Every structure is written in C-alpha cells, then in structure tokens.
2 protein chains.
Amino acid sequence: MPASEAVEQQEQPWSRRRLRSTNERLLLDRLRGLGAASRAQLARETGLSKPTVSSALASLAAAGLVHEVGTHAPERGRTAVLYAPDPAAGYALGVDIGRGWLRVAVVDLDGTVVARADVRNRARASAALTDLVVATSRQVIVNSGVDPAEVVHGVVGTPGVYDEKQRRVRYAMHLPGWGRAGLVDHVRTELGVPLEVHNDANLAALGEYTYGVGAGSRLFAYILIGTGLGMGIVGEGRLFTGAHGLAGEIGFLPWHGRQKPERLEDAVSGVAVVEAARQFGMRGQLTAKAVFDAARQRHPAAVRAVELEGERIAHTVAAAAAVLDPDLVVLGGGVGHSVDLLLRPVREHLRALTPLRPRLAPSRLGEDAVLLGAVATALDTARDLVFERRTAGT
Amino acid sequence: MPASEAVEQQEQPWSRRRLRSTNERLLLDRLRGLGAASRAQLARETGLSKPTVSSALASLAAAGLVHEVGTHAPERGRTAVLYAPDPAAGYALGVDIGRGWLRVAVVDLDGTVVARADVRNRARASAALTDLVVATSRQVIVNSGVDPAEVVHGVVGTPGVYDEKQRRVRYAMHLPGWGRAGLVDHVRTELGVPLEVHNDANLAALGEYTYGVGAGSRLFAYILIGTGLGMGIVGEGRLFTGAHGLAGEIGFLPWHGRQKPERLEDAVSGVAVVEAARQFGMRGQLTAKAVFDAARQRHPAAVRAVELEGERIAHTVAAAAAVLDPDLVVLGGGVGHSVDLLLRPVREHLRALTPLRPRLAPSRLGEDAVLLGAVATALDTARDLVFERRTAGT
DNA sequence: GCCTCTAGTAAGGCTCCTTAACTTTATCGG
DNA sequence: CCGATAAAGTTAAGGAGCCTTACTAGAGGC
C-alpha cells in the first residue's frame, strides 16, 4: 500500500540540492535516535564537518524542525548547546476500528500521545460507523489542543484489506457495512487529514515492533486471535505484505479438523473456543472470556477447550515458522489477557509438530497494539511529510 | 547472509565525492538496463546535464567499465556515439553442488556464460567433494580464457544452510561429509575467489526471477522438489531468508499423513513417490523417474502415487499462499520433467484447500535454475565490486 | 546554400563541503 | 589569579562537482 502521494519519491537526479537535503535528513534522524546532541557531537558521529553541521542545523531550526533544548557541560571545555527535534513540528493520527471498540489517538512527532479516546463501537451500519469515526477523531484532535492543520497524516487499522482501486475494505466480515466503497474517502474528506488504511494484524505487529516485545527482532510474526484470526509480519522494521496485501491471512491455512477439512479461522477464532467448550460439556451463556475464566478455575471442559485452542494455534505457529523462519512469534488480540493460559499448551504441541521453535511471547501492548501500530505508521509518514514541506513553505 | 566484506557499506557522510560516485553508478545501471545509449539520451533520462554525463562517462571509460560501442543516426541531426558497459570488466563464478551433478559456470558482467561444465557428482566423502569442486572450477576458469584474477566473486549453491559462525553447511543431509567445518574456506583459498554459499532452493528462486518465469513478479515462491524439499522466496527482486536463513524450509511443515503426523519432507520428496507407488502395488527397482514415466503410460498404481504427490504439494502451496500471499508459485527441481504431470492434481487439490490460488507455473529453467541463480547472485556482487575498485586502482 | 535539429564541448558561476585557523568558554594546576 | 589545556563553535579560504549558457560539429530538409 503506497503512502500518501505527497511523499512519493520522484526520481530526482543527484544534484547538489539533494545533497544538502540528504545531509539535513541524516542529522535529523540521528538527532531522533540520540534524543539531543550538540553540533560537535553530531559532526563526530556523522563524519560531516563542524561548519556543515552548524549550517544544516541552522536551516532545520529555521524551518522549525529542531530547536535548542539545553546545554551540556563536558569534562572540560566550553559548554555545548544541545539540539533536539521539535516534537510540535507536526502531529499524527492513529485510529483502530475494532468490532468492540473504536480507539483514536493523536501523537506528536516524538510519538508522545497528546490525546486519546476509546469508545464502544455499537455501530451496526456503515453510516453510523463512519460518523462515529469522524466525530471521535474530531473530538480527540480538539482535546489535544492541536491546530487540525498540523495533523499531517493518519493511519486507520481495520480487519480486512483495503483495496486501493475499488476504494473499499475487503474481507472485513465482522464489521457490518464497512465494506462499502468510498467510506474511507468520506472520512478522509470530512477530517481533512490524509489517511492510509491497513490491516489490523499488520498494524499490531508494527506496534509491537516499535513499542513492544518485538523491538529489535530481525523478523517476527504477530498472531492476532480475536473475533477473527490474522497475522502480521515485520522484517527489518518493515511490514511484509505479500503481492496483494494478503500475507498473513492465516485464516486460509488448510487445517484438518476433527471431522473434515475446514478453514483454520473457524477453528481458532473466539467463537471456536466457545463451541469447543460447549461440545466438551459447558452450559449456559458462553463467551470466549467466560471460557478462559472458567479454565483458570480449572473447570474441566473449559480446560480441554483451551487445550484444543492451543493445539490449533501451535499448528499456525508451526506453519509460519517453516515458511518464514521468524526469531519471535507474538500472541495477542482479543483473547488478550488469556494469552498466559495458552502459552503452555502451544509450546507443548509445538514440540511435537516441528523442530523449529521460534521464541514465543505474549503481546506486551495487549489491546493497544493496533492503535499504537497505527500511530507508529502514521508517524513515519508524518515525519517525512514535515521534512519535505520544510522548504516548500507552509 | 552478508556479501563480501569489500562491498560492505561504511556509512560515509554525503560528501561530494559520494555524489559523484552515486551519479556514475546511476549512469552505469541505466546503461545496463538500456544496453547502449548516447550521452544525450542518458542526460535526458537521468535528468543530469549533458556536461555532467559526459564527464562521468569519461571517468567510467577511463576505469574500463564502459566503452564506445557504435553510433546511432537520429532522424535528423548529428550522429550519436553510443556507450555500453564493458562486459569484460570482470567475471563471476557460479557453482551448483547437487547430489547427482556438479555444475559450474563463469559469466561476464553482462551475464553471458563464457564457460561451463556439468560433471557427475560421485563423491561420497568431504575431501573428494571439495577436490571435485576445486578442480572443476579451475578447469572452467581455464577454459573460459579469463585471467583468474578477473573472477571477482563466486556463489555456491548447496542443500542446507551455511552457518557463518561455525563455518560449515548445516542440514545438508544428502551430501555425505559436506557438513564438516572449514570446507568452504578450503575451496575459497584454493580458488582464490571470494565465495558466498546459499541454499539451493533460494538460488533457484533467484535464477527463476532473473532469467525465468518469475521475472517481474512482486513476490513468488519457488518450490524445489527433489531428493529433498525446499522453497525459495523472492520479493521485489530480493531473497527473503528469514531471521536465521531458514525461511522456506518447508520440509518442517506439519503434515497429517495417513497414519501419523510426520515431517512433510518425508512425504513429498522423491523417495516418497517411490514408496507410495510401491504401496499402491508397483513392483521392481523403482526410481522417482520410473514412477512418473509409468504414470505417463497410465499405469494405475503410478497414477495414484502421482495423484498423492500432487495432494501433498498442494498442501505446501496452500500453506505458503496463506502465509506469504505470493502472486506466483513455481514448481521445479529433480522431479524436473515431470512437473507437467503434477500441475493438474495440484491445482485440483488446491481448489479444495484454500480460496487463495496464486498462479502456478512450472520452472522454465529446469535443472539449470540453481546454477543460474548462483550466477545471478554472484553477478550482483561482482558488479558492485568492479565498480568499487574503479577508484582504488587495480 | 541556408535552416533546423541533435550531439557534444567549453567557460563561468553557484552551491555546498572541507580544511585550517581562530575565538570563546570551561576546568585544572600552580 | 593566571596561564595551560581542552572542547565547542565560528570564520575564512579553497576546492569539488554540478548547472546554465553559449558555442561548435555534423547530418538532413527545403
């Protein structure tokens, strides 16, 4: 999925202007990594000369992208003036449209959340849902106290896959009406913010990579177990989306169930846990959460249902491990706080299934993974945008 | 797996020297894509000015990387002098160490094969194998008439995975002795050529991408069915190797066989076809090739064995499709000329297994896929090396 | 023969980087 | 308190590489 058009790289020749720009970018990125640094320090680390660093940093400061942020007294010698990126040079919007909850956050360029809202999603029609998304986002932007024009980019997470050509979300079975064409365009124009749409599992994976347990992994898979089943794959910090953006749609993995071959998604999702528990003899109004709670109390049928769920997930992990060779697999999603119950059975079944055993970990971000992933993705683009427009004038 | 150390990018600052270098590289790459072009044409296409193109091209010519190659008379106006990369500026070596055959080729920078040898691999011990590889490679280089010092890089394809730290090939069960430490180092020093070692399925995938049916694919998987079972994954022209170089080791996919869960590799490899045929009632000295030949003659047991093999491969493809979302899956390997027999059953079973059905195609390169992949990979590095040493002086 | 169109060269200027020397400001040791 | 030392940062000079403009060279068309 291409980013906003504004960032699109036109294949410029390598003129001097581009050289300058590249060096400024180098300094800005280094500064983000370091938090704050003096000009002399930057010169040492980048290999650029001190005068060059001074002048480039002056340009960046004039454009409002960096600012003085304090001083540092070295062992001896003159005190250094420290520079840091200005977090207020732009803002990004993250939205997580889930079946149960709608979550919205505005972050500054440092990635600090300046405003956030979590509201129940009771919308059962497309109009209601888009209205809710627009209203909540507007409200969050207002609450943040940020000039709406400074929110330069947004990312929306949703089940399914966004089809650029048909301008609609596909395969989002659990959000009634959300598959209609033009809905995203409607939200975009209403908010006046450039929007990208990404799969929720993919964003959760990016969130877990940026802020969570996936940090530093060379290649990891995030398995989102909830109303649906999805997997996000992150390699070297970038999302792996496949040829049509369907990579990680492990709901389609072949799975030989007890009776007949069926879709894996039907066997692993939350509904399946309930169904299994009922088959094993549980009675009453059941939800996935109820089954996990019962298992925690050692209710025999619930324990068996959880065990079965673990076996199914192990199958998924084994397939992903053989094909992808990740160094880490993260379990997360609506099963959320129940992941601890699943880890042991998954590990056990995995031992029987395959000699490849990637590290297995529960999500650190829990329910926030998708939102934080959306925010991290939006931030990436927002930083580019803010840097690009630096010359163009406001 | 990192390339040769010489190519390693030290994070240089963006000085003017680097700018010059980048522009020369830009021109050289463009020239490779075009085959031959005039300076005016290059100026138009790259956006660089005519004087810049002229001077950069003069440097490249002085370094022996490009040369005049003819003239072109436009509709009207002065005839243009055409420049093209000099294929003789360096050479690359490709080696395919298979269980049955050892193949070696030397190519020039255009990718044209200047010498090649295919010899039976009867070695059954590590010393014999390394000797064979060294002797054959030397012979091919001699036959090519190329100064050995001009062979700047080589790539070796083998089953298994090369472990940089332990300096040995792992998981190469079908090559006796080949797993010993230091063997590759021995070959490297004997030949005096920098060598990389890659998995054969991975190289076959790259070969099929560069010269075969995978050309232009955004993401495709090459399934190598032979003595073993492997898969190579190529996305956007680059190999996808996973966190430890084990991506595509689909031999480890969980597979519920008729009796018990077993390793998929045992169920899909050539041996398995023979075994299945025997179970279905075939008698005598059987090889995989014999079974396929019999199936072509409509021998019932052989047909059923092929059918079963098709089902197993379909399972593999379905798993890869759900996890990776490729737009193309290529079947190739030792089953080689029998792929046509497998396509139909694979397609049929796939229909039952998953709604995701990537395009399925037989290998175009056949037995040459690994060698050509090795050559293509070596070429990539060789071009870099030749370009890098341009300034350093011979 | 002149015009036009394309390829290529020459000269001058601009941008931006580097080196080197210098200034400023701090600590340290007497 | 004062010079030595060290680090941060500035100023000045020089140079590398690119672009623009203006030119020459060669090949048809009218």
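Every heavy atom of this structure was used, including side-chain atoms; hydrogens, water molecules and symmetry mates were not. So you know, we letter chains A, B, ... as the sequences are listed, proteins then strands, and number each from 1. Just so we're clear, the structure is a prediction, and the values are computed from it rather than from any experiment.
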Between CZ of B:R20 and C1' of D:dG15 the distance, given in whole Å, is 14 Å
Atom pair distance, as rounded to whole Å: CG in A:L27 and P in C:dC16:
14 Å
Please report the distance, rounded to the nearest Å, between CG in B:L19 and P in C:dT18.
12 Å
By side chain to side chain donor-acceptor pair (under 3.5 Å), B:S137 pairs with (sequence neighbours left out) none
Using a cut-off of strictly less than 4.0 Å, decide whether A:N23 has a side-chain nitrogen or oxygen near OP1 or OP2 of C:dC16.
no
Nearest whole Å is fine: how far is D:dA7 C1' from A:L42 CG?
15 Å
Considering residues at least two apart in sequence or located in another chain, which fulfil the side chain to side chain contact (heavy atoms under 4.5 Å, CB included) criterion with B:T52?
B:L48, B:S49
So if I take residues 31-41 of chain A and measure heavy-atom distances to DNA chain D, which residues fall below 4.0 Å?
A:S38, A:R39, A:A40
Can you tell me if B:R116 uses its side chain to pair, donor with acceptor, with the backbone of B:A105 under 3.5 Å?
no
B:D380: what forms a side chain to side chain donor-acceptor pair (under 3.5 Å) with it, not counting sequence neighbours?
none
Check each residue of residues 49-60 of chain B for a non-hydrogen atom within less than 4.0 Å of any atom in DNA chain D, then write out the ones that pass by number, or none.
B:S49, B:P51, B:T52
Excluding sequence neighbours, so at least two apart, what forms ring pair (Phe, Tyr, Trp, His ring centres under 6.0 Å) with B:F240?
A:F240
What are the residues of residues 73-82 of chain A, sorted by number, that bring a heavy atom to within less than 4.0 Å of DNA chain C?
A:E75, A:R76, A:G77, A:R78, A:T79
To the nearest angstrom, how far is B:L48 atom CG from D:dT20 atom C1'?
14 Å
Looking at B:P85 and B:H67, what are the two nearest heavy atoms and their distance?
O-NE2, 3.9 Å
Output all residues satisfying salt bridge (charged side-chain N to carboxylate O under 4.0 Å, His left out) with A:D86, sequence neighbours left out; order by chain, then residue number.
none
List for me each residue that meets side chain to side chain donor-acceptor pair (under 3.5 Å) alongside B:R167, sequence neighbours excluded, and say none if there are none.
B:D185
Table please: side-chain donor-acceptor pairs of residues 31-42 of chain A below 3.5 Å, with sequence neighbours left out.
{"unit_1": "A:S38", "atom_1": "OG", "unit_2": "A:Q41", "atom_2": "N", "d": "3.2"}

What pairs with A:H72 under side chain to side chain donor-acceptor pair (under 3.5 Å), at least two apart in sequence or on another chain?
none
Residues 53-63 of chain A side chain polar contacts: donor-acceptor under 3.5 Å, at least two apart:
{"unit_1": "A:S54", "atom_1": "OG", "unit_2": "A:K50", "atom_2": "O", "d": "3.4"}
{"unit_1": "A:S55", "atom_1": "OG", "unit_2": "A:R20", "atom_2": "NH2", "d": "3.4"}
{"unit_1": "A:S59", "atom_1": "OG", "unit_2": "A:S55", "atom_2": "O", "d": "3.2"}

